[in-house]
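Okay, structure first, notes after.
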Amino acid sequence: MRNVAVVGVGQTKFGEHWSMSLRDMLTEAGNAAIADAGIERSSIESLFVGSMSPGRYSGQEHIGPLAADALRLGNIPATRFEGACASGSLALRTAYIDIASGRHDTAIVLGGEKMTDVNGSEAITTLAAAGDQEWEASIGLTFAGLYALMARKHMHDYGTTLEQMAAVSVNNHKNGINNPNAQFRSPITVEQVLASSMVADPLRLLDCSPITDGSAAMILMSEERAKALDNPVWILGSGQGSDTLALHDRMSYTEMMATKAAAKEALAEAGISIGDVGALEVHDCFSINQIIALEDLGFCKKGEGGKFVEDGKIALNGEIPVNTTGGLKAGGHPVGATGVRQAIDIVKQLRGDSVNQINTEKGMTLNIGGSGATAVVNIFGKEME
Amino acid sequence: MPHRSSVPASWRLQENRYSLVGTTCECGECHMPGRRVCECGNEKLESLEFCGLGEIVSYTTIHVAPAGFSGPYHIALIRLEEGPVVTGIVTGDDISVGKKVKSVFRRLYTDGQEGLITYGFKFELM
């Protein structure tokens with residue numbers, strides 16, 4: 001396997017883009033990544049795009065060639081990847097394997113979702129399809145509801161409090177203030193979270209990431225080609241894990257085995273331990289998930305994630321800065337774009353051009369699909385392995 | 001929502017949803033919802049009707065509901081007496097972790113004025 005570098009990144013602003021279609025957003029993000037890399041379109045040899053449900057959100061399937069066509073990339077192989085909310089990281093991971101294998105030298109990775117062309121309840125129905133349609137969604141269990149079941153269990157088993165979950169959202173909003181691409185750039189308080197409207201008890205509106213339009217893109221390149229370019233960031237490892245589709249079939253409702261499998265694979269490939277990771281992007285689709293992620297990745301013991309957050313360990317100047325630009329909660333969650341956006345923010349930390357710059361050599365993304373049925377971990381570094 | 005109210009899809013699942021029928025394996029495992037392969041690898045599984053008694057493992061109250069539903073309503077993870085955990089709507093208000101429930105046959109979903117009515121199991125607090 002060859003070394004692979006990220007040599008260009010780009011994204012749209014995340015938010016409500018009533019004037020832009022999915023095609024427009026993918027093109028804007030892709031153009032930005034190509035410009036950032038300073039390469040010719042004609043040098044791109046393969047395209048990987050992550051999107052959860054363009055068919056239901058936009059009535060459009062087959063968006064691999066749609067993106068290649070819109071970006072004028074000719075007849076290159078162009079494929080869509082779907083792993084619910086982990087679709088973006090899945091596209092990135094597959095592009096990484098494509099370049100590492102020697103098949104191609106330059107690839108473009110895209111992620112995108114156009115969620116606001118349908119009404120709120122239709123968007124919720126579409127998201128719920130990431131769970132088990134026959135046994136969860138069909139009885140009216142929403143996505144927030146699945147995470148609410150995990151939150152209640154975590155509270156019951158470990159004494160995790162509503163205030164600790166709220167502290168996740170507070171930290172993410174604080175980190176989003178400086179991010180011009182974030183959907184929400186306003187600070188919030190624990191009291192505001194606890195007073196926001198109930199979505200799926202115990203999760204309230206400000207525990208939940210929003211419905212968002214947006215796209216993100218990056219250019220990956222083989223070591224041979226990337227050496228000629230400025231400031232490449234290296235992909236050190238990648239892992240992917242799965243678990244039962246339905247939450248009820250799991251061994252635990254407060255622990256994600258898919259995350260553990262993905263992290264184990266990625267860390268082994270990178271040849272590092274979790275303590276070497278200095279910047280972390282985790283999947284805070286709901287506040288409880290950030291707490292569970294910190295535990296599953298090993299930053300704290302099972303059951304202690306709430307306290308870890310409450311004690312400020314995830315702040316920009318904390319033990320492990322998490323979601324340094326606002327995460328999904330403040331940054332926005334255009335489902336298929338999220339994994340690529342997470343990677344962009346880690347790459348920027350490593351290049352030294354983040355809006356909330358911290359000092360680190362290695363960063364990690366954890367992107368989760370469904371209620372934990374898919375997890376993808378990607379690890380990046382300033383230096384090659 | 002065609003996927004939710006299609007006649008063939010409802011017909012295929014009626015035994016499972018109406019009578020809480022899953023599967024059981026000679027290794028001793030049982031599954032609800034039913035499966036075609038056991039964790040042990042055996043593909044020759046028998047039908048099993050669950051007794052319908054269980055205990056709440058976790059629960060939520062859905063306030064923001066998907067298309068076709070109106071909140072608030074309770075949904076819980078229920079550990080059936082035979083072992084498997086299922087997801088179900090719980091009727092009644094005094095819900096908490098550890099409470100005993102029993103399954104009841106109820107209407108689950110009505111697809112508008114003229115569409116299919118989907119029936120299945122819910123759980124009642126005991």
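Chain A is the first sequence line, chain B the second, and so forth, proteins listed ahead of strands; every chain is numbered from 1. On a predicted model such as this, the values are computed, not experimentally measured, just so you know. Computed over heavy atoms, backbone and side chain alike; hydrogens, waters and symmetry mates excluded.
Counting heavy-atom pairs closer than 4.5 Å to chain B, the top-ranked of the candidates A:V199, A:I124, A:L247 is A:V199. Note: A:D201 leads A:D201, A:L203, A:D249 in heavy-atom pairs under 4.5 Å with chain B.
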Original post:
When you look at B:L77 and A:Y253, which way does the side-chain contact (heavy atoms from CB on, under 4.5 Å) test go after all the steps?
Top reply: CA-CA 10 Å; B:L77 295 172; A:Y253 307 110; 3.8 Å; yes

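A side-chain donor-acceptor contact under 3.5 Å links B:R17 and A:S138.
A side-chain donor-acceptor contact under 3.5 Å links A:R152 to the backbone of B:Y59.
Note that CG of A:D132 and OG1 of B:T87 are 8.0 Å apart. Values are rounded to the nearest 0.5 Å. Of the inter-residue distances, the one linking B:N16 atom CG with A:W135 atom CH2 reads 4.5 Å to the nearest 0.5 angstrom. Remark: A:L141 CG to B:T60 OG1 distance equals 8.0 Å, nearest 0.5 Å. Atom OG1 of residue A:T142 and atom NE2 of residue B:H63 lie 10.5 Å apart, to the nearest 0.5 angstrom.
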Check: residues 285-296 of chain A side-chain donor-acceptor pairs under 3.5 Å, at least two apart:
from, atom 1, to, atom 2, distance (Å)
A:S287, OG, A:D207, OD1, 2.7
A:N289, ND2, A:H283, O, 2.9
A:Q290, OE1, A:N172, ND2, 3.0
A:Q290, OE1, A:N323, ND2, 3.2
A:E295, OE1, A:H154, NE2, 3.0
A:E295, OE1, A:K302, NZ, 2.8
A:E295, OE2, A:H154, NE2, 3.1
A:E295, OE2, A:G303, N, 3.0
A:E295, OE2, A:E304, N, 3.3
A:E295, OE2, A:G305, N, 2.9
A:D296, OD1, A:K302, NZ, 2.9
A:D296, OD2, A:M256, N, 2.8

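The residue from B:L108, B:I62, B:T118 that alone fulfils the side chain to side chain contact (heavy atoms under 4.5 Å, CB included) condition with A:I139 is B:L108.
Taking a 6.0 Å sphere around NZ of A:K307, one finds it holds 12 or fewer heavy atoms contributed by other residues, nucleotides or ligands.
Side-chain atoms of B:P33 and A:H248, non-hydrogen and from C-beta on, do get closer than 4.5 Å to each other.
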